[in-house]
Amino acid sequence: MTIIAKGTEVNGSVDVEGNIRVDGTVNGDVKATEGVEVGKSGRIVGSTIESKTAIINGYVESNLTVSQHVLLGSKSTFVGDLKTKSLVIEEGAVFHGNSAMSDNEAVQRRANEGVGPTDFSGGDRTVGGGEGRTDGTQNPIGR
């Protein structure tokens, strides 16, 4: 495991075999073959972070691409876009950006089953509590 200790500042990209833990500051991109962990005192500011897993408990300002799992801890601040298979955001975490989650196998399975994000088969959908109706029924979408 590579450790960037508290009080240490790295300016430039970091590319490690295995895991990296950042308790200091990295001003640049981070790439790890396994995991990236940012401790409470840790700070990464760059354009990209890539790894299999990420645990963020400090400050990160970067786009994050993680193939398996991301955890944003309760004291973390994450500014940027992220792509991952699994995302957990603990209460108290700050996340400002966009997320895209996908498991290629699950997406393919759902596509083969004919289930998509806009598949509303199975009946009418309603909006609101029947605003503007005097008979107490709800207004179906598209009618």
Task: Test side chain to side chain contact (heavy atoms under 4.5 Å, CB included) applied to I44 and I49, step by step - done: CA-CA 9 Å; I44 299 176; I49 299 171; 3.8 Å; yes
TODO: Evaluate the criterion side chain to side chain contact (heavy atoms under 4.5 Å, CB included) for residue pair T84 and L64; output intermediate values, then yes/no.
DONE: CA-CA 8 Å; T84 188; L64 183 60; over 6 Å; no
TODO: Would you check, one step at a time, whether the test side chain to side chain contact (heavy atoms under 4.5 Å, CB included) holds for V66 with L82?
DONE: CA-CA 8 Å; V66 174; L82 66 84; over 6 Å; no
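Looking only at side-chain heavy atoms (C-beta outward), V79 and V60 stay at 4.5 Å or farther from each other. Contact annotation: the side chain of I55 never approaches that of V38 to less than 4.5 Å [non-hydrogen atoms, C-beta and beyond].
Partners of E34 according to the side chain to side chain donor-acceptor pair (under 3.5 Å) rule, which considers only residues two or more places apart in sequence or in another chain, are K52. Taking the side chain to side chain donor-acceptor pair (under 3.5 Å) definition, one finds that S99 meets it with nothing, sequence neighbours left out. Every residue two or more places apart in sequence or in another chain that forms a side chain to side chain donor-acceptor pair (under 3.5 Å) with E61 is listed here: Y59.
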In residues 22-31, what donor-acceptor pairs under 3.5 Å come from side-chain atoms, sequence neighbours left out?
residue: D23; atom: OD1; partner: R21; partner atom: NE; Å: 3.3
residue: D23; atom: OD1; partner: R21; partner atom: NH2; Å: 3.1
residue: D23; atom: OD2; partner: R21; partner atom: NE; Å: 2.9
residue: N27; atom: ND2; partner: E9; partner atom: OE2; Å: 3.1
residue: N27; atom: ND2; partner: N11; partner atom: OD1; Å: 2.9
residue: D29; atom: OD1; partner: S47; partner atom: N; Å: 2.8
residue: D29; atom: OD1; partner: S47; partner atom: OG; Å: 2.8
residue: D29; atom: OD1; partner: T48; partner atom: N; Å: 3.1
residue: D29; atom: OD2; partner: S47; partner atom: OG; Å: 3.3

Show me the donor-acceptor pairs within less than 3.5 Å that the side chains of residues 67-78 make with the rest of the protein, sequence neighbours left out.
residue: H69; atom: ND1; partner: S86; partner atom: OG; Å: 3.1
residue: S76; atom: OG; partner: G73; partner atom: N; Å: 3.4
residue: S76; atom: OG; partner: G73; partner atom: O; Å: 2.7

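Residue A32 comes nearest to G18 through the heavy atom pair CB-O, 3.5 Å, listed as atom of the first residue, atom of the second, then distance.
The CG atom of N57 sits 7.0 Å away from atom NZ of K40, with the distance rounded to the nearest 0.5 Å. Atom CD1 in I20 sits 9.5 Å away from atom CD1 in I3 (nearest 0.5 Å). The distance from the CE atom of M1 to the CG atom of N19 is 4.5 Å, given to the nearest 0.5 Å.
In this structure, the side chain of D81 does not engage the main chain of N63 through any donor-acceptor pair within 3.5 Å.
One hydrophobic cluster, built from ILVMFWY side chains closer than 4.5 Å, holds both I56 and M101.
For residues 3-22, no pair satisfies ring pair (Phe, Tyr, Trp, His ring centres under 6.0 Å), with sequence neighbours left out.
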